Structure formats: C-alpha cells, structure tokens
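Read the structure below first, then the notes.
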4 protein chains.
Amino acid sequence: MKFNLGCQLNYEIYSDSTLIFNIAVCNNRFQNILQEDLHIAPDVPMDEYIPPELENRYIRVNSPPGNLEISYQATVEFKPFEEHPHDIHEVTPAKLPLDVLPYLYPSRYCESDRLMRFAQTEFGDLVPDYSRVTAICNWIYENVTYLSGSTNAHTSAFDTVTERAGVCRDFAHLGIALCRSLNIPARFVTGYAYDLQPPDFHAYFEAYLGDRWYLFDATRLVPRTGLIRIGTGRDAADVSFATIFGSVFMSKMELFVDCISPGECPIYTEEAIAFLE
Amino acid sequence: MKFNLGCQLNYEIYSDSTLIFNIAVCNNRFQNILQEDLHIAPDVPMDEYIPPELENRYIRVNSPPGNLEISYQATVEFKPFEEHPHDIHEVTPAKLPLDVLPYLYPSRYCESDRLMRFAQTEFGDLVPDYSRVTAICNWIYENVTYLSGSTNAHTSAFDTVTERAGVCRDFAHLGIALCRSLNIPARFVTGYAYDLQPPDFHAYFEAYLGDRWYLFDATRLVPRTGLIRIGTGRDAADVSFATIFGSVFMSKMELFVDCISPGECPIYTEEAIAFLE
Amino acid sequence: MKFNLGCQLNYEIYSDSTLIFNIAVCNNRFQNILQEDLHIAPDVPMDEYIPPELENRYIRVNSPPGNLEISYQATVEFKPFEEHPHDIHEVTPAKLPLDVLPYLYPSRYCESDRLMRFAQTEFGDLVPDYSRVTAICNWIYENVTYLSGSTNAHTSAFDTVTERAGVCRDFAHLGIALCRSLNIPARFVTGYAYDLQPPDFHAYFEAYLGDRWYLFDATRLVPRTGLIRIGTGRDAADVSFATIFGSVFMSKMELFVDCISPGECPIYTEEAIAFLE
Amino acid sequence: MKFNLGCQLNYEIYSDSTLIFNIAVCNNRFQNILQEDLHIAPDVPMDEYIPPELENRYIRVNSPPGNLEISYQATVEFKPFEEHPHDIHEVTPAKLPLDVLPYLYPSRYCESDRLMRFAQTEFGDLVPDYSRVTAICNWIYENVTYLSGSTNAHTSAFDTVTERAGVCRDFAHLGIALCRSLNIPARFVTGYAYDLQPPDFHAYFEAYLGDRWYLFDATRLVPRTGLIRIGTGRDAADVSFATIFGSVFMSKMELFVDCISPGECPIYTEEAIAFLE
C-alpha cells in the first residue's frame with residue numbers, strides 16, 4: 001500500500017523558543033519512505049536526532065519570536081506484517097529478551113505498579129496469549145468513553161481507569177499499564193492514521209508477544225493496517241508530536257493521509273499486525 | 001437481643017495531648033443502653049459532646065505526659081429493624097429530604113465526583129432500588145481483597161477502586177462513594193461487631209432508600225444484625241475511634257462483644273436492616 | 001452599609017432535573033435582609049431548607065425540560081464586626097468548643113491529613129495567633145497564581161499546593177487545609193463580593209480563633225468588609241452555588257453588588273473581621 | 001581510591017520466579033573493577049545484559065522454589081572527577097545534545113510536568129548554573145525529613161513535595177523532578193555508598209550541566225566522592241536493586257563498603273563531581 005501523508009503546523013512564537021517535533025515517519029524496509037519533504041519558514045536552525053535503539057526522528061527547531069510554519073509531506077510504501085493470532089503467546093520474564101525490560105516498568109502515564117490487583121482481578125485468569133491483550137482492549141473499549149476534551153496533558157492510566165473517559169492517548173496509556181501489570185511488555189506508538197475523522201495525530205500501543213511487537217488500538221477508530229508509524233516510546237512523554245520550550249501558541253494544525261493504492265486500502269482485520277524493523 | 005461489649009485502650013503520652021474518642025455506643029429506643037461504665041486512669045479532665053443532628057458521643061480527654069488507660073463497658077438491649085427488601089426504592093434528588101443532602105456530596109475519603117462514569121458503567125443500568133446497593137456491595141466483595149495492612153489513614157475510595165485491596169473502612173468508603181455517584185445518599189458508620197475475628201472496631205455504611213437509612217456491609221465479615229452503633233458521619237474523618245492531638249503511642253487495644261441473649265444471637269440474613277432513631 | 005445585590009441564572013434543561021441553589025444571602029442581626037425577591041420562570045416546584053446548625057439557604061428546584069430562569073435580588077443592611085487582631089489567639093484542641101470539631105477534620109477538597117509536614121515546615125514555628133493565619137494567606141498569595149481556567153471541579157488543596165495556580169475556590173481550599181493541618185478549625189464561605197471584577201460568586205474562608213470565626217481571603221481581590229455571605233460549609237462540596245442533578249446547560253450567569261450607602265462603602269483594612277450570628 | 005564492597009541477599013522463593021538484579025558496579029576507565037565475584041546458590045540459570053547506551057548490568061536469575069542466596073563482591077579502583085563549580089552552566093534546550101532529551105521528560109516517580117509552577121516560584125529567578133541545582137538540593141534537605149518507613153514503592157516526587165518526608169530514593173526523585181521542571185536534564189543513580197549508616201543501597205541523582213553529568217545528593221548522608229555507581233536510569237523504576245516476578249520474600253540483606261586506600265578515603269567537598277564514562 002502506498003500513502004501520501006503530511007501535516008501543516010503554524011505557531012506564534014513570543015520569545016526565543018525550542019520546539020522538538022515527532023512528525024516525520026520512520027523509515028525502514030517495511031515502511032519505506034519513497035519521497036519526503038520537510039519545510040520550515042522562516043529558515044531557522046534545525047537538527048535531527050535518531051536514537052540508536054529506536055527509529056524515532058526527533059527534529060529540533062530553534063525559533064526567534066514571530067510566526068513559524070512547519071509542513072511535512074511524505075509518500076510511503078507500507079506493508080504491514082499480518083499473522084494469525086492463534087499461536088502468539090506471552091513470554092514470561094524468565095525468557096524475555098532483556099532489552100525489552102524497560103517496557104515492563106511503570107512510566108509517567110502508565111503507573112502499572114498501582115494497577116496490579118486490578119489487572120489480576122479482571123484479566124489474571126485469562127489464557128496468557130494474544131487473546132488476553134485483545135481482552136484488555138475490549139474492556140477499555142467497552143468501559144471507557146472516547147470524549148474529546150475530557151482529559152489533559154497530566155492525565156494518566158491511573159486516572160482513566162476510574163474516570164472512564166479519554167482520548168486515543170489515554171486509551172493507549174491504559175492498555176500499556178494493564179499489559180505491564182500482567183508482565184507483558186508494552187509501549188506507546190504515534191502515527192498517521194488512515195481514515196481518522198477528524199484527522200489528527202493518532203496514538204495506539206504495542207505489546208511484546210512471541211518474538212516481536214504486535215499492534216493494538218483500543219479505540220477501534222481506524223483499521224490497524226492503516227497506521228503509519230512516527231515514533232515509539234514508553235508513553236506519550238517520549239513521543240509528543242511537539243514538545244515546546246518557550247512561549248508559543250499553536251495557531252493551526254492540519255493533517256492528511258491519503259491511500260494512493262487503488263483497490264488495496266486498509267480495512268479492519270482480526271489478524272495480528274506487527275511492525276517489523 | 002442483649003449484648004455486653006466494651007474496649008480497653010492504653011496509651012503512652014509523651015506531651016500534653018488531647019484525645020477525642022468515639023467508643024461509647026449511642027443510645028435510643030432501639031439501641032438502649034441498660035448500663036454502662038467509662039473509666040479513665042489517671043483521673044484527667046474529660047467532657048462529652050453529642051451533636052444535635054446525630055447521636056454520636058464525642059469524648060474528649062486532655063492528658064498530661066504519662067500512661068493513660070481508658071476502658072469502656074456497656075450492656076445494650078438492641079432490636080434491629082428488619083424488613084423485606086422488595087419494596088425499598090431509591091429516592092430521586094427531586095424528592096429527597098433536604099437534610100439528607102450532605103450525604104450526597106463527596107467527602108475526604110469518598111470522592112464520588114471522580115467515580116461518576118465508573119459507577120454509571122458498572123451500575124447505571126440496574127433497577128434503582130435496594131438491590132442496586134446490594135449489587136455495589138457484591139461488586140466490592142468480589143473485586144476488592146480484604147487485606148490487613150494494605151492501606152493507611154490516607155487511603156480513599158479513589159485509591160481502592162484501582163488498588164483493589166483494603167480493610168473494613170476502605171470497603172465502606174468505596175460503597176459510600178459509589179452510592180453517592182449514583183445519587184444515593186450514603187454515610188459511614190462505626191460500631192462494635194458481634195463475632196468479628198479478630199475483635200476490632202468495625203466500619204460499614206448506610207444508604208438512604210425509601211424513607212430511612214439501611215445498613216450495608218460489603219466485607220461480609222459479620223451478620224448485620226449484630227452491629228451495635230457507635231457513630232455516624234460522612235466518612236472515617238468524622239468518627240475515628242480515636243483522634244489524637246499530641247505525641248501519643250497506643251500500647252494496647254482490646255475489644256469484646258458478647259451476646260447475652262441465649263438462643264437469639266445475630267445470624268446472617270437477606271432482610272433489609274435499618275437503624276431507627 | 002447597605003447593598004443591593006443579586007444574580008440572574010439561565011439554564012437549558014434537557015431532561016427532568018433537580019437543581020439545588022445557594023444564591024440567597026443568609027439573614028441575621030448583622031446581615032439583615034431588608035427586602036428580597038426570588039423569581040423562577042416558568043413556575044416550577046421549589047422548596048427551601050435551612051439546616052439547624054448553619055444559616056445556609058438551600059433552594060431546590062425541580063424542572064421539566066425547557067428553559068429555566070432564576071433571578072435573585074436582595075437589599076441587605078450589613079455591619080461587619082471589626083476588631084484589632086493583636087489579641088486574637090489560637091485555641092488548642094484541649095479547649096475548642098466541641099461543635100467546632102468537624103472543621104478540624106479533612107474534607108474532599110481540603111486534605112489536611114496529607115499536608116501536616118508541609119504546614120509544620122512552613123508555619124509550625126510561627127506565633128499561634130491571628131498572625132499565623134495571615135501568614136498562611138500571604139504565603140498563598142505570593143506562591144499561587146490566580147489564573148482563570150487553571151483548575152476544575154476536582155481540584156483540591158493537595159493539587160494546588162504543588163501546581164501553584166487556581167481560582168478563589170482553590171485559594172480558600174488551600175487556606176482551610178493549611179489551617180486544619182495546624183489544628184486551627186477552618187471552613188469555606190461563599191458570598192457576593194463588592195467590587196469583584198468580573199462579577200462572580202466569591203469564595204473565601206473562616207478560621208476559628210479566640211471565641212469566634214474570623215474571615216480571611218488569600219486572593220486579596222476585594223475588601224473583606226464587602227463580603228455578603230451566602231453559605232458556609234466544610235468546603236465547596238457543601239455550598240456550590242448550583243448543584244445539578246440532570247442534563248443541564250448554563251447559558252447565562254450575571255451578578256451585581258452595589259453599595260447604596262454613599263460615603264461608607266467597603267475599603268481594605270487590616271482589622272480582623274468576624275461574621276456574627 | 002580503592003574500595004572493597006559487596007552485598008549478600010537471601011530470598012525465600014515460593015514459586016518459579018524471576019529476579020532481575022542491579023547490584024554489580026559498572027566498569028569503565030574511571031571506575032575500574034580490579035576483581036569481582038558473583039555467587040548464586042543454588043546454581044540456577046542466570047544471564048546478564050548491558051544496554052548499549054548505559055553501563056548498567058542487569059542480572060537475571062530464574063529460580064525454582066526454595067532458598068536463594070546471591071552474594072556479590074568487588075574491588076574497585078575509583079577516581080572521581082572533581083572540578084570547581086564556578087563555571088558550570090545550564091544548557092538550554094536549544095543546545096542540549098539530543099540524546100539527553102529523555103532525561104528532560106517526566107517519568108513515573110518524577111512528574112516534572114506537575115511541578116512547573118512550583119519550581120518556577122521557588123527556583124525560577126536563580127542564576128541558571130551549577131548553583132541552582134545546589135539550591136534545589138538545599139531546599140530538599142531543609143524541607144524534607146529523612147524518615148525510614150515514611151514512604152513506599154508507589155511514592156513519587158509529587159507526593160514528597162507535599163508530604164515532606166522520605167528516604168534517599170524520594171530525595172533523588174524530587175531533585176530530578178525539580179531539575180526537569182526547569183529544563184535541566186536529570187537522572188537517577190544507584191550505588192554503593194562509603195560510610196552510609198546503616199549500610200544500604202544508596203540513591204542520588206545527576207544533572208546535565210556544561211557538557212557532562214554532575215552528581216548531586218540532597219540527603220547529605222555521605223561524601224559524594226565515595227559513591228560507587230551501580231546503575232543509571234530515568235528513576236527508580238529503571239534500576240531497582242531487585243525487580244521480582246514471582247512469590248518471593250527477602251530474608252536477609254547485608255552490604256559493606258570498605259575504603260582500602262589508607263590516607264585517601266572520601267571526604268565531603270564542595271567541588272562539582274562528575275562521573276566520566
């Protein structure tokens with residue numbers, strides 16, 4: 001499948017400011033950037049950083065006061081890895097690859113240490129495989145209301161499990177926290193989402209099962225096969241689309257994701273989807 | 001039924017201290033104190049206060065440094081009011097007696113304002129009568145582990161609903177918070193409990209249904225017909241058995257509750273139990 | 001001093017709803033209602049409740065779907081009690097009137113139990129009299145930013161002490177919590193405030209010192225001598241200007257407070273102000 | 001300086017369990033392990049993992065039910081890097097090395113996003129250099145009581161800033177959170193501490209200033225020149241000395257740290273101390 005996607009972000013900058021963006025998609029064999037264009041006006045200093053262990057692309061922009069416009073556009077060839085979920089099992093801490101460990105630990109918005117009993121009560125007796133993470137997603141979908149404006153940048157999984165409302169970021173945080181409470185490594189993913197209405201940056205999560213990371217989205221807002229990855233982290237703190245240091249007001253945000261492969265656009269599926277690196 | 005009950009509390013007092021006790025049972029037609037004895041050694045200043053709107057008996061003791069022993073013993077004739085629960089309905093805020101309103105509002109340990117969606121999701125569709133409060137108690141009993149030492153004086157219903165462990169006070173707070181979230185007035189009660197093992201002050205709760213307060217105990221530790229009331233309040237902050245101002249160490253606490261009416265001691269029942277004043 | 005004051009509140013009611021208002025001022029020798037008018041349109045059922053121990057006036061309105069307009073207007077003769085603050089001392093728990101006790105306990109928005117060490121560190125060494133409560137107000141004024149929209153209905157003193165922003169209600173909650181942490185009884189008050197810009201219901205607090213309740217306002221937004229009392233409670237949960245049960249949208253809120261005693265309108269003072277009943 | 005150090009940890013294992021230890025010191029030019037010995041009895045499976053970007057040594061042990069004893073001993077040549085603190089300045093986000101960014105973001109126990117205003121109020125006007133981090137440490141030392149048992153595994157910086165009591169881990173978390181709130185990257189460090197009484201694993205923190213990580217310890221319990229590093233992370237979640245999956249009880253923990261370089265043992269200093277890799 002091929003996608004044409006991008007965003008336009010405008011800011012009013014009131015003092016010398018630094019902005020760190022996660023808006024460029026990551027690039028590898030399975031999510032291949034055929035062409036991309038990043039445009040910043042005015043022409044201010046910018047650098048990019050890709051950490052060694054992940055494929056995130058942190059773009060730093062240092063801007064003087066005034067208007068700042070950043071636009072990004074890419075054409076991506078994308079091939080999700082699909083698999084029957086039947087034989088995908090959890091891996092015990094005894095056998096997990098040790099580099100996956102940090103995704104078992106609690107993080108700012110995923111206080112898994114405080115949800116142990118809750119997770120045990122609700123999901124402790126389920127079969128320890130792919131279907132248990134699906135059960136977590138179903139529980140979230142059925143018990144948490146998707147409600148714009150109901151949460152803010154401080155809201156965490158511990159809040160959401162009681163307050164029962166949130167947006168995609170909160171759904172992902174709760175899924176991650178519950179997985180970690182059950183000793184399933186889980187991490188936060190952001191991306192461009194085909195068919196998301198209204199268009200926005202999307203957040204979902206991955207759980208480590210079998211020998212790789214599988215993709216889950218408790219919001220059920222879009223097909224998982226149409227998620228083009230931007231960044232991966234422990235939670236939203238790591239991969240906010242824009243982290244801002246300074247006095248800044250966002251005056252415009254627009255996104256688009258078009259499928260340009262007629263006849264093979266993303267559809268809903270019950271297959272397990274993995275993102276291979 | 002007649003009960004002989006009491007407690008012995010010893011303290012080491014390190015500085016001039018004030019202690020406010022809720023250990024004496026309340027007295028009315030339906031819970032009639034036949035005889036009682038309160039003994040404090042040494043003979044320090046003491047006064048008692050019974051607020052106009054409740055029957056709580058606050059006993060204040062001002063003690064110099066040294067040892068303090070307080071013992072209480074009472075013989076009580078007790079007649080619980082029992083009723084078939086079938087025709088006991090919730091009362092909407094439109095018709096509630098207005099003096100009951102404070103028990104609809106959130107309090108320190110019962111943050112009902114933060115549990116609205118949770119309560120709606122779990123219990124919102126149930127029939128609005130006595131059976132809905134029973135459903136809340138059943139949910140607590142099934143989902144929260146009774147575990148000594150798992151909580152402390154700061155633990156609230158908002159914590160317990162996620163952490164899923166607690167003692168009688170936490171069970172009561174959660175029951176109260178959930179009732180209030182559904183617009184059912186609810187309040188905290190402490191008492192001596194027949195057959196509680198190990199003996200301790202017990203906490204449970206009341207919900208206002210029909211035209212009176214009915215008694216509920218999500219711990220299922222003792223028969224509700226054997227609960228002899230000490231105090232009533234919004235939550236544990238109001239009726240702690242001992243509120244201490246000063247530097248004090250409790251060195252001993254012993255309780256006893258004996259049923260002295262052979263052949264008619266408390267048993268478990270599915271009837272609705274009310275405490276009439 | 002005489003004031004002409006009032007409010008106009010309009011609601012869109014989407015389902016049968018109950019609204020409980022605290023908008024009428026309380027009436028006694030020192031705050032004497034010369035004339036008042038409460039108007040509700042359409043003419044729906046309404047009742048009023050004044051609890052025995054306070055002078056709050058709870059007005060309940062049961063409304064069918066449609067528009068609801070409530071307007072209140074009163075002319076009040078008001079004489080604040082002023083006193084030199086020099087000889088007003090704290091009262092230890094050993095000597096407090098016992099009916100004041102509930103205002104020593106933590107409540108929903110004033111978690112004094114969690115602020116003990118903080119209060120001791122900041123204010124523990126100060127002289128235990130009127131000036132210590134003034135020091136608390138000064139600390140709040142200097143360390144917390146008054147910022148509309150920075151908090152919501154769930155925000156409590158424990159949040160504010162760290163987040164350091166809030167509105168009048170949050171300033172009052174923090175003042176109350178800090179007083180209680182130091183064993184000074186404190187309670188929440190709402191009122192009409194002369195010269196408040198923009199006009200709104202105001203919240204402040206009282207501390208029990210000497211033999212009465214003295215008024216404090218850490219916001220410094222208005223003179224304390226121009227505060228005409230509506231209600232008193234443990235915290236905002238007790239005396240919200242409108243508690244709503246049902247599906248309701250507030251479409252308009254307007255207030256006015258005019259001083260109609262030329263030449264003797266409220267001014268800022270350093271005197272202690274008490275509200276006598 | 002040379003140190004001989006180590007620990008002995010005994011566990012009772014009740015079910016097949018996995019334990020991940022951070023007890024071995026890290027090894028590099030400036031902290032050179034001359035000799036070390038890790039002994040586990042019985043002889044159960046074990047593996048070690050050193051992440052690419054840090055020098056932490058995660059040791060995983062999979063144990064069947066029964067007793068487990070793990071002992072570690074090392075001789076280390078250690079040369080702290082000391083420097084005059086006068087010319088060490090903060091680095092703005094505009095110029096920070098981008099691989100340091102994750103240490104600017106909030107983490108589980110360091111909710112810097114919720115302490116922004118607090119940090120600005122207390123430390124916002126200070127000179128943005130080494131002395132500001134010292135001021136943070138001084139504030140913590142003066143306002144937080146070191147009190148064993150006052151906190152638990154769920155306690156975070158947001159709690160500590162109000163509750164004002166904690167242990168070394170809490171002091172470090174608060175220091176880190178305050179630094180990050182001021183845009184100073186900060187991270188959590190654990191180590192063996194010379195002269196710590198009673199001997200225990202110690203926690204402290206590092207702030208990124210100038211062009212490297214400098215060491216701070218708000219507890220003032222030991223000289224910073226006697227801290228031999230075990231692990232580094234975002235907060236305690238990353239480098240707990242033992243993370244346990246399974247049913248396990250720790251029955252013994254003993255540590256020792258001996259300085260075996262007569263005449264040059266660690267002393268308190270006001271120099272800046274860095275740990276070079």
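Convention: sequence-line order gives letters A, B, ...; per-chain numbering from 1. Here the structure is a predicted model, which is why all the values come from computation and not from measurement.
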Rounded at 0.5 Å granularity, tell me how far [atom1] in [X] sits from [atom2] in [Y].
{"X": "D/Leu96", "Y": "A/Tyr49", "atom1": "CG", "atom2": "OH", "result": "12.0 Å"}
{"X": "A/Asp99", "Y": "D/Ile50", "atom1": "CG", "atom2": "CD1", "result": "13.5 Å"}
{"X": "D/Arg108", "Y": "A/Glu111", "atom1": "CZ", "atom2": "CD", "result": "5.5 Å"}

Heavy-atom pair count under 4.5 Å with chain D, highest-scoring of A/Asn62, A/Thr243, A/Asp235: A/Asn62

I'd like to know which of A/Pro93, A/Ala153, A/Ser240 tops the heavy-atom pair count under 4.5 Å against chain D. A/Pro93

Is A/Ser112 in contact with chain D via its backbone, its side chain, both, or neither, using a 4.5 Å heavy-atom distance? neither

Which atoms of A/Ile20 approach chain D - backbone, side chain, both or neither, heavy atom under 4.5 Å: side chain

pair [X]-[Y]: side-chain heavy atoms closer than 4.5 Å:
{"X": "D/Tyr109", "Y": "A/Pro106", "value": "yes"}
{"X": "D/Phe245", "Y": "A/Thr92", "value": "no"}
{"X": "D/Arg60", "Y": "A/Leu101", "value": "no"}

Can you tell me which portion of D/Asn183 sits under 4.5 Å from chain A's heavy atoms? Options are side chain, backbone, both or neither. side chain

Using 4.0 Å as the upper bound for N to carboxylate O, is an ion pair formed by D/Arg234 and A/Asp238? yes

Is the number of heavy atoms from other residues, nucleotides or ligands within 6.0 Å of CG (A/Asp125) greater than 12? no

Just wondering, more than 12 heavy atoms not from D/Asp43 lying within 6.0 Å of its CG? no

